[in-house]
Structures are given as structure tokens and as C-alpha cells.
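Taking it in order: structure first as C-alpha cells, then the write-up.
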Amino acid sequence: MQQKYDPHAIEREAQRYWEESGAFRATEAPGRPKYYCLSMFPYPSGKLHMGHVRNYTLGDVLARHHRMKGYNVLQPMGWDAFGLPAENAAMANGVPPAQWTYDNIAYMKRQLKSLGFAIDWSREIATCRPDYYKWNQWLFLKMLERGLVYKKTGVVNWDPVDQTVLANEQVIDGRGWRTGAPVEKREIPMYYMAITRYAEELLAALDGLAGWPERVKTMQANWIGKSYGVRFAFPYELDGRAEKLWVFTTRADTIMGVTFCAVAPEHPLAARAARDNPALAAFVEECKRGSVMEADLATLEKKGMPAGLSVVHPLTGEPVPVWVANYVLMAYGEGAVMGVPAHDERDFYFARQHGLPIRQVIQTRAAGADAFTPERWQAWYEAKDGVCVNSGKYDGLGYEQAVDAIAADLEAKGLGGKRVLWRLRDWGISRQRYWGCPIPIIHCADCGEVPVPERELPVVLPEDLVPDGTGNPLAKTPSFYECRCPKCGARARRETDTMDTFVDSSWYYLRYACPDNAHAMVDERVAYWLPVDQYIGGIEHAILHLLYSRFWTKVMRDLGLIAFDEPFTNLLTQGMVLNEIYFRRGAGGRITYYNPAEVEVRAGADGTRSAVLRSDGLPVESGGIGTMSKSKNNGVDPQDLIDRYGADIARFFMIFTSPPEQSLEWSDSGVEGAARFLRRLWSFAHEHHALIREESGRRGTQRAERGRLPNLAAVAPELAAVRREIHANLKQANYDFDRLQFNTVASAAMKMLNALSSVPRPAAAADAEREAARRLLLHEGMGILLRVLAPITPHVSHHLWRELGFGEDILAAPWPEPDPAALEEEEIELVVQVNGKKRGDVRVPRDADRKAIEEIVLADPTVRRFVSGQPVKKVVVVPGRLVNVVV
RNA sequence: GCCGGGAUGGCGGAAUCGGUAGACGCAGCGGACUCAAAAUCCGCCGGUGGCGACACCAUGAGAGUUCGACUCUCUCUCCCGGCACCA
């Protein structure tokens, strides 16, 4: 055995062994318990970043641990290969997105392999391959047939200079990222998937997802946003026609307090009112500036203008003025709201700003007539514990009675009724972009929108175009868009929009089960492997990706393609890997980001810190810390770490440095500790190896360590303590594996090595029985330690397992369980408190009862000192833990 | 703005059901080995006071519940993630 730990050599060797033995090739084995372990597939951005290493190490730990526990494990990998960065890279370098993407895939695949992940590469997929996205198109058409896909207009960011649609990410401070031009909102036709039809099930089924983090389920529930309320109308007359302005409210009990209505700038009524009102038209126009992002809209200064018309209150018959307000969202509810300034904080400020009347219609016990503070109204609002006042026939009714009575009256007048409102909106999937899956539709002048016939799928995306930032290249490529109408044969135009990349990632986990099936989207192998037993990915996907995947699963179930309801049984959401962000703002507001590795932080004499770019010594601005990303140029290349230390050390460090779900501010201080630990493991193993060889030489046998451990308590009590330590840490490690807290598994492994290292070397004239016991203990401990480490540091574990003669392949070894006999203790230690403060500890027999413990504790000199004669009120005994004497 | 989460020594973190705060590791300090350095090994290592035994303080801030709170409740501060076209 080599004396020196050479990670690169043993990693090459172990990886070759796995490759040649096809160790990670998964095959369907009905009857064996299966474990489908899936990490979110990467976008092939160029190189792996630390988030990938964290994600895939976590997945690999789970996959390898379950494999050793006897599961038939599938761990696949693929590429989320369509998307915007490829187009940006193409513009920057003049290389087609396809080539850039395939090059990146090749490079990143090599990186993943060098980390030794137990991946079945025979199932690799890339979403930009026609044999994959064909099925996007196929399912799109199935959904279209069933009315689950439909067309309507949607609002996008429009760059008026480049004449192109911008992604939210491409809008910086309200301006186009390339042109610096102020962005406008523009309405265009788009295809939508009717996810709202599944809103009820998507919400209700969250309760059944026992293996999902609560925080993710809460976020999804809030996103779906079911609210119960009343939808009702304010009648009005315009251009000689009777019309209705519909609104939705969750507080119909306050309807008698309505003093105005507000509509979104995009509302038809606003457009109509602006027609003969230039000032209002200018305001509506002003509201069109800026991006469509909700975060931007929600932080806008609240502005409004009278529409110059009024509607009729449905219950009082009084006229109610209509306003156009930028805080009303067209996309939520009816695009119009009732205004009740007395009982809604936002309405209150709006009314005060514009001199609108405030009419109190709810009173609570807690508040007097002068208690008009928005904070207080908020409390009433949430508690719903007031009664109606100034409300005519509804006076004295509580929240529920008032809502019931008012809804009934509205219903009787044909002006509304109770209604459930969802916050969830249908999923717009059209993108005016090149590098995505073509939408399989043909536009014919006579036949309208005609689906591409199934036999003509896939509609293949040309791979040789280079976008230039102005519009969609597909729309400028006649060889792509020129076609014949499948219905009438006339010249027609192919749809040039592509699909949202979330479509690609909504079902890829199914395709790993049957990546080679050219005739069907899914087959019986999907029934074997799915649903995914453990899904691992970043918390940033808590809502969109996971919700779309759940929706897609339910759609495929209803199409009879699969037979389960939810795609992911257990979910581990890893925290983000963060790093400093530095940038400079150039001319026209364009921002250039600098990698923290190129930046030097200097502390000034006055304690202030300033950052300068190393290359030119000039200052850069700090953008705080944030997720490592290509767009913020704050990634750290893990390759340096792997080249320098090898895969096992990189993996061990990644696991040890923080718990999986917590976000992690990147720092590599501490990686030396991981390296030191594995070197110590190696040299300990080397010493043990020599010991075994010596003993087997003496006995003339190949395998020396077959004997049974004697009763250590009798032979060598100090060894019994070591064995207790090993088994206690094994118990802890198994517990932590099960609760997915791997950082403390790594700690437990370190503690085991510390315990084994603490075993004293025998004196020159050691007695033979003791020496044999010592050797057997070390061997047992080493066998446990290597198996506990195998999921985290697979290469070195594989190597030492064979070297020390435990067996051929550690992957085939049974997972270790602690020996209860090793954990038994005659005496246990109890912490002693007086009035809740720790004052010492006592040792008591393991089976001492409460009364005996009380006697021992009250007789303890330290306790007596602190009690010092005061009467003992009570003695709290927590079995196995502590005793608290209250005086 | 809205939704979700987080904050513990100089640093990463541990504390499983409300029961010893700081496991394990990094950095630092002292020592051994060495011609020397690296590596390795041993010891110390939250703060304040004390020669010491020990005492007091301390888990972002402030209140509360409890025999007992890092853990539960309320208020606040700061940070991170998401907000529907980054993936």
C-alpha cells in the first residue's frame, strides 16, 4: 500500500473501475425496491459552478447511501439546453447557440465525471435535441386538442430601438440592457397553458406531499392564492349602452363604505375614458412605460387620475366616481377594484391624497370613533371581528353574516355573488426567441391556425443561425417559416415563436426512464421508476419549476400517459451558494460586473472598506452578496479546487461546510481541514494495513481479521469506551443520513477517526489477548468508518476497502448498524441545575429511579451550597438528561 | 411592495421533543520534531472579573410564556431567495 495519499491517482483508478464494471448502469428490476434519485439538471452555461457541485454532491451522497442500503438506484443526468444565455454568447462571439451549447455540454460532462458521481450516463438527455423536444410539441398538440392550450394576448417588455421583446433580466432600471432605451409594455398574442384549471388540485395535493419542506409548500399555496370573496358589478351607462364594471373583493362586508372605484390603466374602461380626455390619455401612456415585472409595478409610486365618469353603487344606487390607478393590476381579478378608504390601508392613502370621502362602516369593540389609524384597520381587517355600522339594513351583522346577506342581495339583483378567486394565472409559453423548442403551429390565410400533423413532428429548429439582438432570427429565415398549410395546401407561414424553457424542464425526469424510445413519449419503464423518490435542487425553484412540473404530471395523467399524481415524492431544497458582487456603471447606465477574484478589498485608515479592480487599481462598486451567477460574474470555478485537492476532498468539504438547506456564503477557508482529515484517514489506514500484514504473516493466513471481538469491558475497558464512541457516532451518522443533514455525518466520521486514533499503541510486552482485541476493534471501526464515508468520499473509501481486505467492492457492502451492546453504560451522567442554572453534574446508575436520583442530587455538596438552606419547592427530573432543583 | 427563509465565538457550523450553548473543523497562539521550512504530533482557544477555586455576562435587538428558551409567542433591524420572459 502506498504510504502517501495521492487523490488523483486513486480517483482515476476508482473511476475506471466503475466505468469498466458499468457500476451505475440502472436496469429495471421489478420486485426490488427502487430509488430514483434526481438532481435538477444544469443549464450548460460553460463550466460547473459551486452550486452545481453542491447540488450533485448532495444527490450523489443520497444515491450511493441508498444503493448501499440495498435499493435499485437510478441517478441520471442531462442538460437544460435551451435558453437565453446561448443567444447572448452567440451575439458576443458570433458562434451559433447550438455549437456553444454542445461545446459547453462536452466540457461540463468531463467535469461531472471527474467528481466521480454515480450517474447512469447511458440515459443522458439534452432538451435541445429533436428527439427530446419532439415530445414537447406532441404534448402541446394534445393539450391544444383538449383546450388546455389556447391563445390570447399578453404583455411583454418592448425595446423600441432594437424592436425586440426583452426578458425581465434584460431590463435594467426600466431600460433595455443593450440599447439603454426606456422599455415599454406591449401586448402581443401568445399561447397559454391552462394551469388554472388545475389550481384546486395543485393546492389540495400539497397536503399529501409529506416529503416536501414546509416552506416550499407554503410558498406554492400562497402563489396559487385561493381567496373566497364576492364578484360583483357596478352598473353604468356609456355611449347609450348599459354596461357593468366588475370587481372582486374578499371584504364584501365593507361594500357600503365604497367611495370610489379604481381600474388598471390597461382596463378597457380606462382606454374608453382616455379617448376624449388628453390628460388621462397621457397618464395611461405614462403607465405603459417601464417593465412588466411585478416587483417593479408593486414598488411604483401610487398614482391615479379620475376617469371622468361614474358608476352606480349596486346596493345604494349612489354614483361612485371611477379612477384609473397604476396600483391596480390588470392580471389579477377583474383589473378593477372597489375603494373603501375607511377599511383598507392602500385605499385610505389614495383617498387622502385625492380628497375622496372616507366612510367608516365597520366598528370593533377595541376601537373608538376617533381611532382612524391604518395599522388599526389592518388588525380589524385580519381579525374580521367587527360589526357593520352606517350600513343600513346590514348594521350589526358580523363579517360572515354581512358577506352572506350582501352576496344574496347582489345575486337577487343579478349583479354578482360569491366567488373563489385564484392568484395563479395561466402559463404564457410563447417566446419571441430563437434558441428554444418551435411551437408546432402553421398560420394559413384561409384556415387560420393549423396544428402541425403528428407525422410531421418534430418541427426541427435550424442549428446554424446567429441572432443579432433585433427580433427573432427565425422570423427572418424563410427556409424555416415558409411552408404549406396542412389543411388546404396553400402557401402558409410557420409559427416562429418558441416555447418557454420551463416547458422543457417540466417533464425531463420522465424521459430519463425511456430516453431511447423513438415512438412514444413515455413507456412502461416510466411506470417502474417514477415518481422520483428524491429530488434535489436549489430553493430558487420552489415555485415556478416545481409547480409547472406538478401541473404537467397531472395533465399527462389525465391524458392517460402516466398513472401517478405527483412527480416528486421527497424534495431537498438546497440553499444558494452566494458570493460578493462588484460592478461599474458605464456610459448610458450599462453595468459591467467584475469577478470577486479580480477585486481587492482595502480597509481605509478610518475603518471604511473600499474595493478596487486589481488590473487597473480603480474603484468598483459593491453590489452586496448574491447567488453565484454568470450574469453577475461572481462565480467561483470549482475546477481549481478539484485540480488542487481532488474530487473526494472537494466533495467532503462541500458537505462538511454547511447544512444542505442553508444558503452558503462562499469561502474556501476550511478546505485544508477536509484535506487534513483524508490524509489522516489514509495514514491511519496505512498503519493498520501494516498491522494486518504482520499478523497474517505470523498466522500464515490471507485474511487476518476474522476473529470475534471479545467482551471489551472485561478485557480492556478503555477499548470499550472507544467502541462506544464509534457506535454512538455511527448511530448519529445514520440518523443524520435519514434527516438529510450530511454536514454532521462528516463530523461524526471525523469523530470516529479521532476515537480510533486515540487507541494507545501496545507496550512492548503487551498481552496477546489484549493486542488481539485492540486489532479487532480497529478493524471493525475502520470498516464502519469507510462505509459511512463511502457516499461522501467514494474514491478513497473504495480504494481503502479493497486495500484493507474488507472485500472487492464497497458498493456491495451492507450498510453498518450500531451494536446496541456497545452503547450500553453502567452509569450515566446527569446535569444538575439549581433554579435553571447549571451547577454541576452527578453520575447515577443507569436504572436509578426518580426518587433515588433526587436523593443523590440533594446530597450533592455543590447543590447544597447553592440551595444553602432555602426550602426546596420542586425537583424537576428529566430522565437521562438533567435534574433541576427549584428553591 | 408582497410571499418564503435566515441571523449562534475571529470564521464555517453543532445543540434530534423546551433540558449542559459553542460538538466537529478553520484561523490564531504556545510547544515537540527539524540545520531550517513544509508536513505531522501535543496543548490552549466566547467575553468580563479573579493568583485560583470560581462567579457573572453571552445565541441580531427588545419584550413575553416557562422550574428551564438558540429552540415557543409578539414587535423591530439587517441579510438571502422568489415575484410569472435568467434558469
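Residue numbers start from 1 in every chain, and the chains themselves are labelled A, B, ... in the order their sequence lines are given, proteins ahead of strands.
For the P atoms, the distance from rG25(B) to rC41(B) is 11 Å, rounded to whole Å. Rounded to whole Å, the separation between the P atoms of rG46(B) and rG9(B) comes to 13 Å. Comparing rA7(B) with rG12(B), their C1' atoms sit 14 Å apart, to the nearest whole Å. With both ends at atom P, the span from rG10(B) to rG6(B) equals 23 Å, rounded to whole Å. When the P atom is used for both rU71(B) and rU75(B), the distance is 16 Å, rounded to whole Å. On the P atoms, rA37(B) is 12 Å away from rG31(B), given to the nearest whole Å. Taking the C1' atoms as reference points, rG60(B) lies 26 Å from rG49(B), given to the whole Å.
In this structure, Lys152(A) forms a cation-pi arrangement with Tyr192(A), its terminal cationic atom sitting closer than 6.0 Å to the ring centre and no more than 45° off the ring axis.
Defined by atom type and a distance below 3.5 Å, a donor-acceptor pair is present between the side-chain atoms of Ser658(A) and Arg54(A). There is a side-chain donor-acceptor pair under 3.5 Å between Thr153(A) and Glu187(A).
Going from atom CZ of Arg431(A) over to atom C1' of rC86(B) covers 11 Å, rounded to whole Å. Rounded to whole Å, atom C1' of rC41(B) lies 12 Å from atom CD of Glu687(A). Going from atom CD of Glu661(A) over to atom C1' of rG4(B) covers 13 Å, rounded to whole Å. A straight line from CD1 of Ile655(A) to P of rC24(B) spans 20 Å, rounded to a whole angstrom. Between Glu540(A) atom CD and rC80(B) atom C1' there is a gap of 12 Å when expressed in whole angstrom units. Following rounding to the nearest Å, Phe652(A) (CZ) and rC26(B) (C1') show an atom-to-atom distance of 13 Å. For the pair Met576(A) CE and rC86(B) P, the interatomic distance rounds to 15 Å; values are reported in whole Å. Nucleotide rC24(B) holds its C1' atom 12 Å from the CD atom of Gln741(A), rounded to whole Å.
Between Asp162(A) and Arg178(A) there is a salt bridge, since a side-chain N of the basic residue sits under 4.0 Å from a carboxylate O of the acidic one.
At a threshold of 4.0 angstrom between heavy atoms, the contacts of Leu424(A) include nucleobase atoms, whether or not backbone atoms are also involved.
Nearest heavy-atom pair across Ser227(A) and Thr250(A) is CB-CG2, 4.0 Å. Taking all atoms of both residues into account, the shortest heavy-atom contact from Glu301(A) to Asn326(A) is O-ND2, 2.9 Å.
A ring-ring contact (aromatic ring centres under 6.0 Å, His included) with Tyr5(A) is found for exactly one of Phe677(A), Trp682(A), Tyr645(A), Phe684(A), namely Trp682(A).
Take the nearest nucleotide of RNA chain B for Thr862(A) and for Gly673(A): the residue whose nucleotide is more 5' is Gly673(A). Heavy-atom nearest nucleotides on RNA chain B were determined for Arg881(A) and for Met190(A), and the one closer to the 5' end corresponds to Arg881(A).
Within residues 728-738 of chain A, the residues that have a heavy atom under 4.0 Å from RNA chain B are, in order of number, Gln732(A), Tyr735(A).
Remark: Arg676(A) is in phosphate contact with rA27(B), judged by side-chain N or O atoms under 4.0 Å from OP1 or OP2. Under 4.0 angstrom from either OP1 or OP2 of rU40(B) there lies at least one side-chain N or O belonging to Arg679(A).
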**Request:** Kindly determine whether Lys751(A) and Glu725(A) satisfy salt bridge (charged side-chain N to carboxylate O under 4.0 Å, His left out), including the steps that lead there.
**Result:** CA-CA 8 Å; Lys751(A) 288 177 190 175; Glu725(A) 180 77 5; over 6 Å; no
**Prompt:** Is there a ring pair (Phe, Tyr, Trp, His ring centres under 6.0 Å) between Tyr508(A) and Tyr132(A) once you walk through the steps?
**Reply:** CA-CA 9 Å; Tyr508(A) 73 105; Tyr132(A) 181 82; 8.0 Å; no
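Rounded to the nearest 0.5 Å, atoms NE2 (His541(A)) and CG (Leu546(A)) are 8.0 Å apart.
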Could I get a table of every N or O pair under 3.5 Å where one atom is in the protein and the other is in nucleotides 10-13 of chain B?
residue	atom	partner	partner atom	Å
rG12(B)	O2'	Thr657(A)	O	2.2
rG12(B)	O2'	Thr657(A)	OG1	3.0
rG13(B)	OP1	Gln662(A)	NE2	3.1
rG13(B)	O3'	Asn743(A)	ND2	3.3

Mind listing the N/O atom pairs, protein and nucleotides 67-77 of chain B, below 3.5 Å?
residue	atom	partner	partner atom	Å
rC67(B)	O2	Asn884(A)	ND2	2.4

